[in-house]
Undergrad: 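Pasting a structure below so you can have a look.
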Amino acid sequence: MPEIARGTLPAGKRLLPLIFLIIAGAPLAARADSGIVDVRTLPRPEGAVEDTSRTQSHSMSYGVPTVVAVTSAATKKLLAADGWVQFLRPLDEKSSLLTFKKAQQGLNVHFTQGLGRPDQSVVYYTAERITSNVPFPPDATDIVFDQHRPYLGCIAPLAFDASIDFFRKEMAAIGWKQLSAADAMSRWPNAEFSETVQNGVRAYYSHDDGDGFYRQRPIMLTLQRRDDGRTGVEIRVAPFALPQTLEADSEMAGLPRPKPTKTAKSSGGSDSVRRQLEVAVIAELPATLAFYRHELASRNWTEQTNGAVAAPDNVTLKFSSAEQSATLTLGRNYDLTVVNLVTQMTEAALAARARAKKEADQKFMSDAAAMAKQVIADDEARRVAQAANLSDAPLRALADSATPVPLPENAENVKFDGADGRLGFDSTSSVKAIAAFYRASLKSLGWKERPSVINQANMVVMDFSKAGKAFSLTAMQMGPKVKVSADGTGLVMANQKMAAKADGSGAQAADEPGAKAADEVLEAEADSPLPVPSKRTMRSIGTGKMPGSDTPFRRELEASVPATLNSVLVFYRSELGKRGWQETAEGAIVKPDQVQLAFTSPDGPATLKLSRSKGETSINLAQKYPAAAAKADVVPKPGQSKLMFGNIGKSDATVSINKQTIKIAAGAGGPQSPRPPMIDLPPGKYQYALKIAGGPARNNQIEIGAGDTWGVMIGPGGDVLPLQMY
C-alpha cells in the first residue's frame with residue numbers, strides 16, 4: 001500500500017487489511033457548514049448582561065457579576081456542553097485568549113475585569129473562520145491546532161485501530177482525499193512516501209479549495225501507538241509541499257529573516273554590540289539552514305567548524321566576520337523550524353569603535369570650537385562696524401519731558417508706563433554716551449548709583465536708588481542703535497498709579513506688599529547647584545542625563561520669587577558674575593516685564609529668563625555642559641537638533657516623524673538597555689505619530705531649537721513625556 005508507510009508494529013500483518021480499508025472506504029458527503037458562527041446564539045453564564053451597543057453577528061461582549069476566574073471556568077463549561085472543543089495555537093501557550101472549534105467554525109473568547117469592579121468581569125466572543133479544517137478525535141487531550149495551515153497535535157483516548165478507523169471516516173466526511181505517491185510525484189518530484197513510522201502509520205491527503213477551504217496543500221497524517229493504550233496524532237502540511245528554497249523577507253536588527261514565518265522578534269539595532277533574532281519558520285529545517293548559510297555567506301560571515309552540532313531536529317553552528325561572532329541555533333517545535341541567531345561584536349571591534357568615536361568626538365569639538373570662534377569674531381567685527389556709526393558726543397536732556405527721569409535729546413520710539421514704572425526708547429548715541437548722560441543727570445537729581453558687574457562697550461546696566469525708591473536701567477547696542485529699557489518703583493508716577501487702580505487696568509502699586517519687597521536686596525540660597533534667591537515660594541531643579549548615569553549634561557532651575565523683576569535681575573547679574581559667568585548681548589531681551597539673557601560660563605552656555613505675573617517674578621535658568629553631552633553622544637550636529645527616544649512600556653513602539661520611522665523596543669532608554677534610538681533634525685515644529693504594538697496611532701507635536709537635544713519618553717499607557725535633555 002504506497003499511500004501509507006507503516007513501521008514496526010507488533011501486529012503489522014494483522015493491521016494491513018484495516019489499512020486497506022482506509023483507502024478503499026468510500027468518502028462521505030461533506031457536512032454543510034456556514035463557517036462563521038453567530039455569536040449571539042452562544043451560551044452565556046447566569047446573570048450575563050449584554051452590551052447591545054457593540055453587538056454584531058460575529059462579535060459581542062457581556063458583563064457577568066463574578067470574578068474573572070469564576071466566569072472563565074463557567075464559560076468554558078457551557079461551551080463544552082454546547083459542543084465546542086478548546087485548543088491551543090502553536091507557540092501561543094501563554095496567551096490569555098481562549099480558542100475553540102466546533103466542526104468548521106472557530107471562536108475566540110477573552111475575559112477582562114469589569115471597569116472599576118474587581119468583583120465583576122466582561123466576556124468577549126469573536127467568531128473566526130477555520131480555513132483548513134481537520135477532525136478532532138472525541139475527548140482528545142493536549143490539543144494544539146492551527147486552523148490556517150493546518151496543524152493538529154493531540155492525544156486520542158481511542159485505541160490505535162479505533163483511531164485509524166475514526167480518521168478514515170472523518171477525513172473523508174469533510175472532503176479530504178487520500179493522495180497516492182504517483183499523484184504526489186507528478187507535481188512534487190521530491191515527494192517521499194517510503195519512510196517508516198515507529199509503532200505507527202502515515203497517510204497523505206489532499207483537499208480541493210472551496211467550501212471554506214482556502215489554498216490547500218497536501219497534508220500528512222501520522223498516528224502512533226502509545227504505551228498507555230492511547231494514540232498520538234499529528235496532522236501537518238506534507239514536507240514536500242513546503243518551500244524547498246526560502247526567500248528573504250525584510251531584515252530585523254540588520255539580520256536576515258526568511259519567509260514565510262509565523263512569529264518573529266528581535267532585539268538591538270544594526271549597529272548594536274549584541275543582536276538577537278528569534279523566528280518561527282513555516283518550513284523544514286534543511287531549507288531553513290540552507291537559507292541562513294547562503295544569507296550569512298553573502299554578508300561575509302564565515303562558518304566555523306568548532307562547536308558545530310548537526311542532528312536531524314537540532315542544529316547549532318558558529319559564524320564569524322571581521323568584527324563579530326554569531327551563533328545560529330535551529331530546532332523543531334510542532335511543524336515549525338525555530339531559529340535563534342545571536343551576534344556579538346568582538347573585543348577588538350569594540351576597541352576600534354571606541355577609538356573612532358573618540359576621534360569623531362574630538363573632531364566635532366574642535367570643529368565646533370573653530371566655528372564658535374569664527375561666529376564670535378564675525379559678530380565682533382559687525383558690532384564694531386555698527387558701533388562706529390554711534391555717536392560718543394555728550395547728550396543734553398530733552399526739554400519738557402513728562403517722565404520722572406530725564407530723556408536724552410535724541411530719544412526715539414519712547415514708551416513710558418507711569419502706572420507700572422516702565423520706560424523704553426532707542427537712541428543713535430553710543431552705550432558709553434547714554435551711560436555718561438544718566439550718571440551725570442541723575443546724580444544732580446540726588447539718585448545714587450549701585451555698582452553693576454555689567455559695564456561694557458556694547459552693554460551697560462545701572463541701578464539707581466533715592467528716598468526708598470529704585471529702578472534699573474539697561475542700555476544695549478542692538479544693531480545700528482542702542483536700546484534703553486528701565487523699570488522700578490522710581491519710575492512710578494502717583495497720578496497714573498491711582499488712575500490705573502480706578503479703572504482696574506493698572507499694575508501693582510509701588511507701595512503695595514509685592515512692590516515693597518522689590519526694594520530688598522535678595523540673598524542666595526545656600527547649597528543650590530544653580531543660584532536662587534532664598535526668599536522664594538517655589539523651586540525645582542531638573543537635570544538631563546542618561547539613565548543610570550550621575551553626570552548631567554544640562555541643568556534647569558525653575559523658581560518663583562515675591563520680588564520685582566528688577567530685583568531678581570540685579571540678584572542674578574551679581575550671583576552669576578561671582579561664578580565667572582559672562583553676559584552676552586546676542587539675542588538679549590530686557591523689558592519691564594520680561595528678560596532673556598545669554599551667558600557663557602566655564603562649564604558651558606546658559607540662558608536666564610525672567611517674567612512677571614501675579615505679583616511674583618518667575619525664573620528659568622538653564623545651563624548646558626557640552627563636555628559631558630559630547631561624551632554621552634547627545635550633542636546635535638551644528639545648526640541641527642537631536643531627538644532621543646525611550647520606552648518604559650512593555651510593548652514595542654514606533655514613531656513616525658519627518659518621513660522617518662523609528663522602532664523603539666520595550667525598555668529602550670532604561671539604565672540596563674543599549675543606546676536608545678536618536679535622530680538629528682533641523683530645528684522647528686514637528687508633527688509625529690506614535691504607535692504602540694497592538695494599538696492605534698496617536699498624533700503629537702514637538703518643537704525643538706537649534707543646538708537642543710530633547711528626549712521623547714513613552715510611558716506604559718502610550719503617554720508621551722517630552723524633556724529637554726541638552
Undergrad: Test your reading of the model: is there a side-chain donor-acceptor pair from Y292 to the backbone of V339, 3.5 Å cut-off?
TA: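 No: the side chain of Y292 does not pair with the backbone of V339.
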Undergrad: Could you give me the CA-CA distance, side-chain angles and deciding distance for S57 and R40, then say whether side chain to side chain contact (heavy atoms under 4.5 Å, CB included) is met?
TA: CA-CA 6 Å; S57 62; R40 297 170 297 185; 3.6 Å; yes
Undergrad: Give a yes-or-no answer on whether the side chains of T55 and E50 include a donor-acceptor pair shorter than 3.5 Å.
TA: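 Indeed, the side chains of T55 and E50 share at least one donor-acceptor pair under 3.5 Å.
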Undergrad: Please check if atom CZ in R299 has more than 12 non-hydrogen atoms from other residues, nucleotides or ligands closer than 6.0 Å.
TA: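 Yes, enclosed.
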Undergrad: Could you tell me the separation between the CG atom of D335 and the CD atom of E284, rounded to the nearest 0.5 Å?
TA: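 That separation rounds to 8.5 Å.
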Undergrad: Treating S321 as the side-chain partner and W301 as the backbone partner, does any N or O pair qualify as donor plus acceptor under 3.5 Å?
TA: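 It does not hold such a pair.
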Undergrad: If you look at every heavy atom in R230 and A156, which pair is closest and at what distance?
TA: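 Shortest heavy-atom contact: CB-O, 3.2 Å.
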Undergrad: Does D228, at its CG atom, have more than 12 non-hydrogen atoms belonging to other residues, nucleotides or ligands within less than 6.0 Å?
TA: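 Counting other residues, nucleotides and ligands, CG of D228 exceeds 12 neighbours.
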Undergrad: Under 6.0 Å from the ring centre and within 45 degrees of the ring axis: does the NZ or CZ of K177 meet both conditions for the six-membered ring of Y205?
TA: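 So K177 doesn't make the cation-pi contact.
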Undergrad: Can you see which heavy atom on P218 is nearest to which on W188, and at what distance?
TA: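 The answer is CG-CH2, 3.2 Å.
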Undergrad: When you compare the side chain of Q276 with that of N340, does any pair of heavy atoms fall below 4.5 Å?
TA: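 Yes, side chains in contact.
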Undergrad: Is the closest side-chain donor-acceptor distance between S132 and H148 under 3.5 Å?
TA: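 No pair is found: no donor N or O on one side chain lies under 3.5 Å from an acceptor on the other.
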Undergrad: Check the pair R274, M345 against side chain to side chain contact (heavy atoms under 4.5 Å, CB included), reporting the backbone distance first and the verdict last.
TA: CA-CA 7 Å; R274 185 182 187 275; M345 292 194 70; over 6 Å; no
Undergrad: Given the ring of F160, does R225 sit roughly above its face, with NZ or CZ under 6.0 Å from the centre of the six-membered ring and within 45° of the axis?
TA: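 Judged by the rule (NZ or CZ under 6.0 Å from the ring centre, within 45° of its axis), R225 counts as positioned above F160.
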Undergrad: Would you say that F167 contacts P137 through its side chain, given a criterion of any heavy-atom pair below 4.5 Å between the two side chains?
TA: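 With C-beta onward as the side chain, the pair touches.
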Undergrad: Check whether any side-chain heavy atom of V197 lies under 4.5 Å from a side-chain heavy atom of Q224, and answer yes or no.
TA: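 Answer yes - side chains close enough.
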Undergrad: Without swapping roles, check the side chain of D209 against the backbone of Q216 for a donor-acceptor pair under 3.5 Å.
TA: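 Such a contact is found between D209 side chain and Q216 backbone.
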Undergrad: Are a donor atom and an acceptor atom from the side chains of R275 and Q324 found within less than 3.5 Å of each other?
TA: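 A pair is found: one side chain offers a donor N or O, the other an acceptor, under 3.5 Å apart.
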Undergrad: F193 and Y204: aromatic ring centres closer than 6.0 Å?
TA: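 That pair passes the under 6.0 Å test.
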Undergrad: Say you draw a straight line from CG of L107 to CG of L98; how long is it, rounded to the nearest 0.5 Å?
TA: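 If I round to the nearest 0.5 Å, the distance is 9.0 Å.
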Undergrad: Considering only heavy atoms from C-beta outward, does the side chain of T131 approach that of Q147 to under 4.5 Å?
TA: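 They are not in side-chain contact.
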Undergrad: For E347, I'd like to know if atom CD has over 12 heavy atoms of other residues, nucleotides or ligands within 6.0 Å.
TA: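 Counting neighbours around CD of E347, 12 or fewer heavy atoms of other residues, nucleotides or ligands fall under 6.0 Å, so no.
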Undergrad: Mind running ring pair (Phe, Tyr, Trp, His ring centres under 6.0 Å) on Y125 and Y62 for me, showing each step along the way?
TA: CA-CA 9 Å; Y125 283 163; Y62 56 83; 5.4 Å; yes
Undergrad: With side chain to side chain contact (heavy atoms under 4.5 Å, CB included) as the criterion, how do L341 and M252 come out once you've worked through the C-alpha distance, each side chain's angles and the decisive distance to 0.1 Å?
TA: CA-CA 11 Å; L341 178 59; M252 297 180 68; over 6 Å; no
Undergrad: Under a 3.5 Å distance rule, please check whether T346 uses its side chain to pair with a backbone N or O of A349 as donor and acceptor.
TA: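 Yes; judged by distance alone, with no hydrogens or angles, the pair exists.
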Undergrad: If every non-hydrogen atom of L152 is compared with every non-hydrogen atom of P135, which pair is closest and at what distance?
TA: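 Residues L152 and P135, closest heavy atoms: CD2-O, 3.5 Å.
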Undergrad: Please round to the nearest 0.5 Å and tell me the distance separating atom CD of E234 and atom CD1 of I219.
TA: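 Those atoms lie 11.0 Å apart.
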Undergrad: Between the side chain of Q120 and the main-chain N/O of P118, is any donor-acceptor distance below 3.5 Å?
TA: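 Such a contact is absent between Q120 side chain and P118 backbone.
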Undergrad: So do the side chains of K663 and D652 get within less than 4.5 Å of each other, counting heavy atoms only?
TA: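 Contact flag for K663/D652 side chains = no.
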Undergrad: Y334 vs Y151 aromatic rings, parallel, tilted or perpendicular, using cut-offs 30° and 60°?
TA: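 Y334 and Y151: perpendicular rings.
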Undergrad: Between T75 (side chain only) and T71 (backbone N and O only), is there a donor and an acceptor less than 3.5 Å apart?
TA: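 A pair under 3.5 Å: yes.
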Undergrad: Decide whether R257 and S250 meet the rule of one side-chain donor and one side-chain acceptor closer than 3.5 Å.
TA: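 Present: a donor and an acceptor within the cut-off.
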Undergrad: Have S59 and T126 got a donor and an acceptor in their side chains that come within less than 3.5 Å?
TA: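 Side chains of S59 and T126: no pair found under 3.5 Å.
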Undergrad: Determine whether a donor-acceptor pair (N or O, by modelled atom type, separation under 3.5 Å) exists between the side chain of W176 and the backbone of N133.
TA: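 Yes; judged by distance alone, with no hydrogens or angles, the pair exists.
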Undergrad: Look at the side chain of N647 and the backbone N and O of S651, then say whether any donor-acceptor pair between them is shorter than 3.5 Å.
TA: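 Yes, because the side chain of N647 sits within donor-acceptor range (under 3.5 Å) of the backbone of S651.
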Undergrad: Can you confirm whether the side chains of K318 and T327 place a donor and an acceptor under 3.5 Å from each other?
TA: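 Yes, T327 and K318 have a side-chain donor paired with an acceptor closer than 3.5 Å.
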Undergrad: Rounded to the nearest 0.5 Å, what separates atom CD1 in I679 from atom CD1 in I657?
TA: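 Interatomic distance, I679 CD1 to I657 CD1, rounded to 0.5 Å: 5.5 Å.
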Undergrad: Does CG in D227 sit with more than 12 non-hydrogen atoms of other residues, nucleotides or ligands closer than 6.0 Å?
TA: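 No - once you tally the heavy atoms of other residues, nucleotides and ligands closer than 6.0 Å, there are 12 at most.
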Undergrad: Measuring only between side-chain heavy atoms, which start at C-beta, is L223 closer than 4.5 Å to V233?
TA: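 When only atoms from C-beta onward are counted, V233 and L223 do touch, with a gap below 4.5 Å.
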Undergrad: Given side chains that start at C-beta, do those of T654 and I662 come closer than 4.5 Å, heavy atoms only?
TA: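 They are not in side-chain contact.
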Undergrad: Are E323 and R353 within salt-bridge range, i.e. N to O under 4.0 Å?
TA: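 No.
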Undergrad: Hey, could you give me the CG/OG1 distance between L255 and T343, rounded to the nearest 0.5 Å?
TA: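 L255 atom CG to T343 atom OG1 measures 5.5 Å (nearest 0.5 Å).
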Undergrad: Does any donor atom in the side chain of S325 or Q344 lie under 3.5 Å from an acceptor atom in the other side chain?
TA: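 Looking only at side-chain atoms, Q344 and S325 do not form any donor-acceptor pair under 3.5 Å.
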Undergrad: Measure the shortest side-chain to side-chain distance between F291 and V281 over non-hydrogen atoms and say whether it is less than 4.5 angstrom.
TA: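 A side-chain contact is absent here, since even the closest heavy-atom pair is not under 4.5 Å.
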Undergrad: Is the closest side-chain donor-acceptor distance between S180 and D183 under 3.5 Å?
TA: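 The answer is yes; a qualifying pair exists.
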Undergrad: Over 60° means perpendicular and under 30° means parallel, so classify the ring planes of F213 and H207, tilted if in between.
TA: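 Plane angle under 30°, so parallel.
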Undergrad: Distance from L285 atom CG to L336 atom CG, nearest 0.5 Å?
TA: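 With rounding to 0.5 Å, CG (L285) is 11.5 Å from CG (L336).
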Undergrad: Donor-acceptor pair, K101 side chain versus I130 backbone, under 3.5 Å?
TA: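 No, because the side chain of K101 does not come within donor-acceptor range (under 3.5 Å) of the backbone of I130.
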Undergrad: Taking atom types as modelled, is there a side-chain donor on E128 or N108 under 3.5 Å from an acceptor on the other?
TA: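 Their side chains do contain a donor-acceptor pair, which is all the 3.5 Å distance test asks for.
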Undergrad: Is there a donor-acceptor pair closer than 3.5 Å between any side-chain N or O of E295 and the backbone N or O of R293?
TA: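 Side chain of E295 to backbone of R293, a donor-acceptor pair under 3.5 Å: no, none is there.
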Undergrad: Over all heavy atoms of both residues, which pair between A248 and K259 is shortest? Give the atoms and the distance, please.
TA: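 A248 and K259 have their closest heavy atoms at O-CE, 4.0 Å.
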Undergrad: Determine whether the side chains of T337 and R332 contain a donor N or O and an acceptor N or O closer than 3.5 Å.
TA: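 Result is yes, a qualifying pair exists.
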Undergrad: Are Y124 and F111, when compared by the centres of their aromatic rings, separated by less than 6.0 Å?
TA: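 For Y124 and F111, the ring centres are not under 6.0 Å apart.
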Undergrad: Just by distance, with hydrogens left out, do T222 and R202 show a side-chain donor and acceptor under 3.5 Å apart?
TA: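 Checked: T222/R202 side chains pair up, N/O donor to acceptor below 3.5 Å.
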